[in-house]
Amino acid sequence: MMTYTLTTPLYYVNDRAHLGSAYTTIACDAVARHQRLRGESVMFVTGCDEHGQKIQRTAEAAELSPQAHCDLISEGYRDLWSRWQISNDRFIRTTDPRHQQLVAQFFARVQANGDVVEGRQQGWYCVACEEFKDDAPGSEDPECPIHLKPLEWRDEVNLFFRLSRYQAQIEALIRQPGFIAPASRQKEVQNFVAQGLRDFSISRIDLPWGIPVPGHEGHTFYVWFDALLGYLTALLDPNEPVVLEQVLERGWPAQLHVIGKDILRFHAVYWPAMLLSAGLPLPERVFGHGFLTREGQKMGKSLGNVLNPEVLLERCGRDAVRWYLLRDIPFGEDGDFQQQRFTDLVNNDLANTIGNLLNRTSAMARRWFADSVPPAGAAAQVDHPLAVAALAAGKSVNVALTDFDFRRAAEAALQLAIAANGFLNEQAPWKQMKLEGQESLVAEDLYAVLEATRWVAVLLAPLLPELSVRMLVQLGQAPFDSGPRAPACPPGSNACPWLLAQQWGRLEPGLPLIEPQPVMLRLELESPL
RNA sequence: GGCUCGGUAGCUCAGCUGGUUAGAGCGUGGGAUUCAUAACCCCAAGGUCGGGAGUUCAAGUCUCCCCCGAGCCA
């Protein structure tokens with residue numbers, strides 16, 4: 001069975017997780033859950049990138065060994081994702097000894113293919129970028145334009161990867177529609193490649209905190225070379241011997257790499273070339289998403305306005321943050337985190353519109369129909385206005401999620417809830433109940449709204465798994481398993497619960513309804529986050 | 001400095017190959033209602049579409065220049 005493999009970047013352990021990493025990871029989580037709900041077998045990879053001089057120095061500054069520092073930070077990531085209930089199947093650390101073995105095997109292939117050459121590299125180096133700066137600013141004390149830190153003069157013999165040999169293949173690759181997403185990022189990479197690809201160095205000398213290059217004493221691998229390979233190591237079963245070829249049986253090639261727009265070049269150019277050299281298939285798609293600002297300003301330590309995902313989690317909860325990030329920020333574009341808007345949207349959409357819909361409908365059904373789902377009558381038919389709305393919403397959600405358009409998906413689910421609320425106000429069952437002989441009409445109306453509400457819960461499952469579960473439980477429905485070990489359904493089988501749930505009329509009349517509890521509380525933030 | 005993307009109501013954004021009075025949600029104001037989490041539903045106000053020039057019978061939508069923001073390459 002085909003595996004849907006997707007990855008977050010392997011986060012650099014230079015510092016603790018920030019909101020940006022949480023954003024990327026949550027988006028991937030939504031995709032992974034959606035695929036699992038559709039019955040796909042999913043391999044969702046995340047992890048940490050732990051080598052390089054920058055890490056070594058950060059550790060020294062903290063008076064820790066590099067390993068101790070990496071252990072600390074990567075454990076922080078692992079713990080954070082677990083508390084966010086991220087459904088990753090793997091968490092790879094590039095300091096894993098197994099990774100070292102895989103890198104050696106990969107390197108051997110690249111070398112056997114004639115793509116490794118020695119070259120002298122001389123120039124100004126930025127440790128923060130872990131890169132040589134081609135155009136040295138001439139003067140005596142050049143600074144890195146990005147980090148505003150002094151550059152260091154290096155003169156060393158390194159190993160180079162012969163990227164230049166792959167010019168034509170890379171050009172063809174990035175021309176393919178869909179490989180680089182969103183499409184608006186394609187040109188930038190094309191122009192970069194059009195300038196002519198130059199070989200890039202894949203080793204460093206006298207940098208102990210890295211993976212040793214076999215056969216080249218004193219060389220360690222350049223951090224990017226080793227980090228990208230983490231995607232492969234992650235796929236291997238932790239108990240099986242490390243055999244590069246085996247990744248083909250474990251989900252390679254990936255369907256999707258989700259990354260921040262700043263590292264598109266590495267994923268859309270360098271990485272495919274490395275894979276070509278090693279004779280491995282290429283990933284289907286590289287999605288470069290935008291960055292988050294906060295209240296219109298760039299987040300940064302110097303400004304002291306960094307939004308900590310731990311704080312967000314504790315004070316606001318998973319559903320609220322996921323909803324805001326997925327529903328309001330166009331995936332792919334830059335976005336701005338605004339606290340007022342955050343609470344407005346969460347309270348309006350989740351508490352007032354969706355939560356209250358369930359609450360009011362369930363309360364009426366219980367009051368007038370013996371604590372249970374009323375008889376459906378004509379409302380069971382698929383031409384009921386809410387049935388039509390539900391089917392349309394379901395279609396939109398599925399299409400939107402396939403396109404990684406979380407906003408459209410969230411909007412579609414929300415619109416269904418709005419339609420159901422509107423229908424209730426039009427039909428006003430509370431008025432009808434005061435009249436004689438209107439009970440069957442009221443029953444139909446309430447059934448239709450309860451069923452539409454069930455649909456809202458179903459459609460929210462990939463985006464807000466927890467809210468979805470709380471709603472389904474109140475409706476007496478079995479919640480869906482979209483977690484790491486969710487069982488996949490063979491293609492063509494009709495056993496996929498989530499897809500089955502997207503049929504109008506699945507709610508059983510007569511089913512007991514438990515006393516409604518608010519499924520989503522309003523956010524009341526007295527102080528800024 | 002070069003390249004790319006974006007700059008549309010207070011806020012977040014839709015506006016396909018140029019064509020009737022520029023749309024939605026949030027926020028704001030008003031109304032209606034009481035089943036419900038002071039919730040839901042309805043209505044309204046709000047924009048010289050970043051600035052300037054040009055092409056056209058007609059431009060938010062095409063061309064050029066400039067300004068602002070972001071990313072990449074230097």
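A note on names: the letters A, B, ... follow the listed sequences, proteins ahead of strands, and every chain is numbered from 1.
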(request) Nearest-nucleotide wise, let me know which of Asp262(A) and Leu350(A) is further upstream toward the 5' end of RNA chain B. (result)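 Its nucleotide being nearer the 5' end, the pick is Leu350(A).
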
(request) Select from Leu414(A) and Asp334(A) the residue whose nearest nucleotide in RNA chain B is closer to the 5' end of that strand. (result) Leu414(A)

Using a heavy-atom cut-off of under 4.0 Å over every strand shown, decide if [X] touches base, sugar-phosphate, or nothing.
X         : result
Arg327(A) : sugar-phosphate
Pro518(A) : base
Gly355(A) : base
Asp328(A) : sugar-phosphate
Glu426(A) : nothing
Val189(A) : nothing
Leu357(A) : nothing

Determine the interatomic distance between [atom1] on [N] and the same-named atom on [M]; round to the nearest Å.
N       : M       : atom1 : answer
rC49(B) : rG60(B) : C1'   : 5 Å
rA44(B) : rG23(B) : C1'   : 16 Å
rU33(B) : rU21(B) : C1'   : 33 Å
rC11(B) : rC72(B) : C1'   : 29 Å
rA59(B) : rC64(B) : C1'   : 15 Å
rC26(B) : rU61(B) : P     : 29 Å
rU28(B) : rC67(B) : P     : 39 Å
rU55(B) : rC16(B) : P     : 24 Å

(message) I need the Leu460(A) CG to Leu350(A) CG distance, nearest 0.5 Å.
(response) 7.5 Å

(request) Provide, to the nearest angstrom, the distance between the CE atom belonging to Met433(A) and the P atom belonging to rU34(B). (result)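 Whole-Å distance recorded here is 16 Å.
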
(request) Specify the separation, in whole Å, of atom CZ of Arg522(A) and atom P of rA36(B). (result) 17 Å

Quick one: is [X] getting a side-chain N or O under 4.0 Å of the [N] phosphate, OP1 or OP2?
X         : N       : answer
Asn352(A) : rU37(B) : no
Asn348(A) : rG27(B) : yes
Arg198(A) : rA74(B) : yes
Arg341(A) : rG27(B) : no
Lys298(A) : rG71(B) : yes

(request) Ignoring the backbone of Lys431(A), work out which of rU34(B), rC72(B), rA70(B) is nearest its side chain. (result)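 Nearest to the side chain of Lys431(A) among the choices is rU34(B).
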
(request) Please give the nucleotide sitting opposite rU55(B) as a Watson-Crick or G-U wobble pair, both distances under 3.5 Å, or none. (result) none

